Number of protein chains: 2
Amino acid sequence: MSCPSRRLLDTIGDKWVGLTIAALDTDGRLRFSELAARIEGVSQKLTQTLRNLERDGLVARTVTPSVPVRVDYELTPLGESLLEPICRLKEWAEAHMAEVDAARAEYDRRRG
Amino acid sequence: MSCPSRRLLDTIGDKWVGLTIAALDTDGRLRFSELAARIEGVSQKLTQTLRNLERDGLVARTVTPSVPVRVDYELTPLGESLLEPICRLKEWAEAHMAEVDAARAEYDRRRG
DNA sequence: CTGAATCCACGGCGATACTG
DNA sequence: CAGTATCGCCGTGGATTCAG
């Protein structure tokens, strides 16, 4: 398998990837702790999320060797280019998820 | 949480949803066995995938009470409206996943 | 402050066997 | 032909703990 679409969905389907990218899009460059504060409930999974995004070239990691150490994250150009298709998905969700909910309620009403 | 975007990603992030929708988009109305033949390796999970899509109002199920029984599936207008944002995602994947692969290779080369 | 490593529980996936 | 029911496994998410 491993078609490009499937792999992309595996990436952005990750529970925290969407929120992380959205935070970096809204606020630009952010420190680790700033990201953690903006994404409620992310706990320590944020580290792995950022590693994956960094590995995929979507997020850039900058270490400032001060004391204590400071680490910033920001979207790469490749990461920014992903915003547009994701935004389309978000628009569809906000426009149509109410219909999905209605369909679900109707389906569940008929069955059990 | 349960923001619309997250729920949509949970739906289309499902392993077989993308391929199922793509098959129904390409070929229109299809029988269960035709779908199963077009989606390699789907096994019996196709049933659950179709149930979920039907429940969400994205796919319509039509039963023809013949002998043996015949069941057809097709995209609803709501399901068809989802094609456009998904297509954007697919286009991004085909255009940029090679860059992601390159970034991964570079990352893995530097680390271990 | 940042992040690595580990443990655990849950849910999804795939396979198998059986029904109308 | 078109499902339904069930089961073991594995991966993932979450929390906790330890380290630079």
Side-chain angles (χ1 to χ4, degrees), chain A residues 1-3 6-21 23-24 29-56 59-74 107-108 110-112, chain B residues 1-3 6-20 23-24 27 29-56 59-74 107-108 110-112:
Chain A
M1 191 78 58
S2 78
C3 71
R6 180 93 282 285
R7 293 174 48 212
L8 177 58
L9 282 172
D10 281 340
T11 298
I12 67 176
D14 181 276
K15 182 164 183 181
W16 301 110
V17 163
L19 292 169
T20 303
I21 289 179
L24 291 175
R29 169 178 284 216
L30 287 175
R31 304 185 58 174
F32 181 89
S33 50
E34 291 171 329
L35 268 173
R38 268 170 185 68
I39 307 175
E40 196 162 359
V42 70
S43 78
Q44 300 314 75
K45 254 355 187 203
L46 181 58
T47 299
Q48 288 173 32
T49 300
L50 288 167
R51 278 300 158 279
N52 290 335
L53 292 174
E54 184 195 359
R55 187 166 103 100
D56 287 349
V59 159
R61 178 171 175 267
T62 309
V63 179
T64 306
S66 54
V67 177
V69 75
R70 172 195 178 101
V71 183
D72 292 277
Y73 295 90
E74 60 189 325
Y107 183 93
D108 292 344
R110 274 205 283 257
R111 315 270 155 159
Chain B
M1 190 75 60
S2 77
C3 71
R6 179 93 284 285
R7 293 174 49 212
L8 177 59
L9 282 171
D10 281 342
T11 297
I12 66 177
D14 180 278
K15 184 167 183 180
W16 301 109
V17 163
L19 293 169
T20 303
L24 292 175
D27 297 322
R29 169 179 283 218
L30 287 176
R31 304 184 59 173
F32 181 89
S33 51
E34 293 171 329
L35 267 172
R38 268 169 184 67
I39 308 175
E40 195 162 1
V42 71
S43 78
Q44 301 316 72
K45 252 2 185 196
L46 180 58
T47 300
Q48 288 172 32
T49 301
L50 288 167
R51 280 296 161 284
N52 290 335
L53 291 175
E54 184 195 358
R55 187 166 103 102
D56 286 350
V59 161
R61 179 171 176 268
T62 310
V63 179
T64 306
S66 54
V67 177
V69 77
R70 173 193 178 102
V71 183
D72 292 278
Y73 295 90
E74 60 189 326
Y107 184 93
D108 292 345
R110 273 206 284 256
R111 315 269 157 157

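In what follows, chains are A, B, ... by sequence order, proteins preceding strands, each numbered from 1. We use all heavy atoms of the structure for the numbers below, so side chains are in, but hydrogens, waters and symmetry mates are not. Remember, it's a predicted structure, so these values are computed and weren't measured experimentally.
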How many Å lie between [atom1] on [X] and [atom2] on [N], as a whole number?
{"X": "A:Leu46", "N": "D:dT16", "atom1": "CG", "atom2": "P", "result": "17 Å"}
{"X": "B:Glu40", "N": "C:dG14", "atom1": "CD", "atom2": "C1'", "result": "15 Å"}
{"X": "B:Asp10", "N": "D:dG13", "atom1": "CG", "atom2": "C1'", "result": "12 Å"}
{"X": "B:Ile39", "N": "C:dG14", "atom1": "CD1", "atom2": "P", "result": "12 Å"}
{"X": "A:Asn52", "N": "D:dT12", "atom1": "CG", "atom2": "P", "result": "10 Å"}
{"X": "B:Leu35", "N": "D:dG3", "atom1": "CG", "atom2": "C1'", "result": "14 Å"}
{"X": "A:Arg6", "N": "C:dC13", "atom1": "CZ", "atom2": "P", "result": "9 Å"}

Practice task
Please check the phosphate of C:dG12 (OP1 and OP2 only) for any side-chain N or O of B:Trp16 closer than 4.0 Å.
Solution key: no

Exercise for the section: Flag the pair B:Arg29 / B:Thr62 as yes when at least one side-chain heavy-atom distance between them is below 4.5 Å, and no otherwise. Expected result: yes

Exercise for the section: Could you check if a side-chain atom of A:Phe32 sits within less than 4.5 angstrom of a side-chain atom of A:Leu50, using non-hydrogen atoms only? Expected result: yes

Completion exercise
For A:Asp14, the side-chain contact (heavy atoms from CB on, under 4.5 Å) test, sequence neighbours excluded, returns A:Trp16, A:Val17, A:Thr49

Exercise for the section: Check side-chain contact (heavy atoms from CB on, under 4.5 Å) between B:Asp27 and all other residues, then give those that pass, not counting sequence neighbours. Expected result: B:Leu30, B:Arg38

Practice task
State whether B:Asp108 and B:Arg110 are salt-bridged, where the test is any N-O pair (Lys NZ or Arg NE/NH1/NH2 against Asp/Glu carboxylate O) under 4.0 Å.
Solution key: no

Practice task
Quick one: do B:Arg51 and B:Arg61 satisfy side-chain contact (heavy atoms from CB on, under 4.5 Å)? Show the steps, please.
Solution key: CA-CA 9 Å; B:Arg51 280 296 161 284; B:Arg61 179 171 176 268; 3.3 Å; yes

Are there any protein N/O atoms within less than 3.5 Å of an N/O atom in nucleotides 1-8 of chain C, and if so, which ones and at what distance?
{"unit_1": "C:dC1", "atom_1": "O3'", "unit_2": "A:Arg31", "atom_2": "NH2", "d": "3.2"}
{"unit_1": "C:dT2", "atom_1": "OP1", "unit_2": "A:Arg31", "atom_2": "NE", "d": "3.1"}
{"unit_1": "C:dT2", "atom_1": "OP1", "unit_2": "A:Arg31", "atom_2": "NH2", "d": "3.1"}
{"unit_1": "C:dT2", "atom_1": "OP2", "unit_2": "A:Ser33", "atom_2": "N", "d": "3.0"}
{"unit_1": "C:dT2", "atom_1": "OP2", "unit_2": "A:Ser33", "atom_2": "OG", "d": "2.8"}
{"unit_1": "C:dG3", "atom_1": "OP1", "unit_2": "A:Arg61", "atom_2": "NE", "d": "2.9"}
{"unit_1": "C:dG3", "atom_1": "OP1", "unit_2": "A:Arg61", "atom_2": "NH2", "d": "2.7"}
{"unit_1": "C:dG3", "atom_1": "OP1", "unit_2": "A:Tyr73", "atom_2": "OH", "d": "3.1"}
{"unit_1": "C:dG3", "atom_1": "OP2", "unit_2": "A:Tyr73", "atom_2": "OH", "d": "2.7"}
{"unit_1": "C:dA4", "atom_1": "OP1", "unit_2": "A:Arg51", "atom_2": "NE", "d": "3.4"}

